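Data block below; observations after.
Labels below follow one simple rule: chain letters A, B, ... track the order of the sequence lines, proteins then strands, and each chain is numbered from 1. Reckoned from all heavy atoms, side chains included, excluding hydrogens, waters and symmetry mates. Not measured: the values here are computed from a predicted model.
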Amino acid sequence: MRPTPHPRLPRTFPLMRLSRSFIPTLKETPAEAQIASHRLMLRAGLVRQVASGIYAWLPAGLRVLDNIATLVREEQAAAGAQEMLMPTLQSADLWRESGRYDAYGPEMLRIRDRHERDLLYAPTNEELITDLARQTIKSYRELPQMLYQIQWKFRDEVRPRFGVMRGREFFMKDGYSFDRDYESAVASYRRMMLSYMRTFQRMGVRAIPMLADTGPIGGELSHEFIVLAPTGESQVFYDSTLEELDYLKSDFSYENHEDLAAFHGLINSYYAATEEKHDEARWEAVPAANRRSGRGIEVGQIFYFGTKYSDKMNFRVAGHDGKTITPEMGSYGIGVSRLVGAIIEASHDEAGIIWPAAVAPFRAAILNLRVGDAGCDRVCEDIYAKFGGAALLDDRDERAGGKFADADLMGHPWQIIVGPRGVAAGTVELKNRATGTREEVSVESALSRVL
RNA sequence: CGGGGCGUAGCUCAGCCUGGUAGAGCACCUGCUUUGGGAGCAGGGGGCCGGAGGUUCGAAUCCUCUCGCCCCGACCA
């Protein structure tokens, strides 16, 4: 049988038979993992730690990473952002221009090549993107521009922890806007914010936008997007209405400035703040039933920073009247690898992960409870072929209990359980991981429910 | 970077105090029995006891140094 591409994945995977797969699940919890998502990622065979804060992504984990990245790409495209790819290793000279080479501190990983030139492993890319923009963009008529990449970054954290959520190497979408003036920059900012809300909603997590500290620039043009997780870096407070808003059904247009302003106003009309910006008086004004508080992990952040980099790096273009103007910039991040951990923190139980369908490595697991039984094998292969790579077939010569436990652990949204009893009756059992519901259904009905 | 802890089989750990040449459970391999929520019996493979140096007739065990990992704090896309 020829490999079939996963319908949603940019990568082509081979068919996934568990008996032939590299998905090393662990019955026991590795000693180094303390929190749920870290434990479950190791146990479900998604990642293996290579060094402190650095992980190898195994086949199932890579699928999740890809699914998240695909959702990000689709929503970035919808908002008009263009994807590109920047190098991880960069010359220190660019960073000396902005002054950040010295300002950044020991979190920046510095490297020296054979010619004794200073390099660094980029933790973010304002310098590089500004350099590319200034080489190319000469007129206000070439603005606005919205560019992004999804690339590995490195921050040499003093103390990496919580697995992939606070690692040193991380996979992140970083985007940058260039605009001719403040008004246009604000529209770019709001456009990204709307795109973020749609992106997170499609992933099956509710990331709450919170006003972040904007430093000397001020205004309401920096937000952090936070998912509740016990291991979060800050205490957060918000109005639960922010969990209910449906941005996918809303018809805010990316092109219409009034729509964008209305959207921004809607978000800011509900209370949401981290510990540092918490305001007791405003909190008291939130209806008691709507108050939500807890630890929160940041999965995205956006900010407008005006001409901070364009000015320092001498990025100028010709304006409408022929005079020189300095483009206004913003930057926009989504922690793709961090989201894998954050989603698990938000969606798991005693038995394992509960994947939201949009990011699950496999839509379903097909459990063959009696490998070698002609009927079971035939039904399983039939179902499996129809999934075209989107399902995982557990064809291992294992006991039923072990298959159930692994399927629960790996968190597939659906389990299609094929046993001799059902096969004789022409049915399979369909289990929903999230609700735990199991029902006897025909093969056709199982397929139509899951596919 | 301050404080604490841990490195022994793929995983979880015992052994270390009181030195005598390496263990358990799970996993893995073979056979038989079993077969719908991590089976049973029998047999088997697998460890430079993180690394280096020292003390000793003898070191997983004692001493020194070193590397790695984890936890608390400060920090944190």
Qualifying salt bridge (Lys or Arg N to Asp or Glu O under 4.0 Å) pairs, either residue in residues 329-356 of chain A, two or more places apart
A:E233-A:R338, A:D349-A:R433

Not counting sequence neighbours, list each pair that qualifies as a salt bridge (Lys or Arg N to Asp or Glu O under 4.0 Å) and has a residue in residues 20-34 of chain A.
none

Listed by chain and number, what are the ring pair (Phe, Tyr, Trp, His ring centres under 6.0 Å) partners of [X], not counting sequence neighbours?
{"X": "A:Y101", "value": "none"}
{"X": "A:Y270", "value": "none"}
{"X": "A:Y309", "value": "A:F305"}
{"X": "A:F178", "value": "A:F315"}

Do the side-chain N or O atoms of A:Q49 get closer than 4.0 angstrom to the phosphate oxygens (OP1, OP2) of B:C70?
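Affirmative; the distance criterion is met.
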
[X] near the nucleic acid: base, sugar-phosphate alone, or nothing, with a heavy-atom cut-off under 4.0 Å?
{"X": "A:R438", "value": "base"}
{"X": "A:G401", "value": "sugar-phosphate"}
{"X": "A:A31", "value": "sugar-phosphate"}
{"X": "A:D408", "value": "base"}

Does any residue of residues 19-29 of chain A have a heavy atom under 4.0 Å from RNA chain B, and if so, which ones, in number order?
A:K27, A:E28, A:T29

Mind checking side-chain contact (heavy atoms from CB on, under 4.5 Å) for A:P420 and listing every partner two or more places apart, or none if nothing turns up?
A:R370, A:C376

B:G73: pairing nucleotide in any strand, Watson-Crick or G-U under 3.5 angstrom
B:C1

Using the side-chain heavy atoms of A:D406, tell me which of these nucleotides is nearest: B:G38, B:G36, B:C71.
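The nucleotide sitting nearest to the side chain is B:G38.
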
Is there any protein nitrogen or oxygen under 3.5 Å from a nitrogen or oxygen in nucleotides 73-77 of chain B, and what are the pairs?
unit_1, atom_1, unit_2, atom_2, d
B:A74, N6, A:R161, NH2, 3.4
B:C75, N4, A:R161, NH2, 2.6
B:C76, O2', A:E157, OE2, 3.4
B:C76, O2, A:R166, NE, 2.6
B:C76, O2, A:R166, NH2, 2.7
B:C76, N3, A:R166, NH2, 2.7
B:A77, O3', A:E298, OE2, 3.2
B:A77, O2', A:Q301, OE1, 2.8
B:A77, N7, A:R338, NE, 3.4
B:A77, N7, A:R338, NH1, 3.3
B:A77, N7, A:R338, NH2, 2.3
B:A77, N6, A:M165, O, 2.6
B:A77, N6, A:R338, NE, 3.0
B:A77, N6, A:R338, NH2, 3.1

Please name the pair of heavy atoms, one in A:T124 and one in A:K153, separated by the smallest distance, quoted to 0.1 Å.
N-CD, 4.3 Å

Under 3.5 Å donor-acceptor pair, A:E398 side-chain atoms to B:G38 base atoms:
no

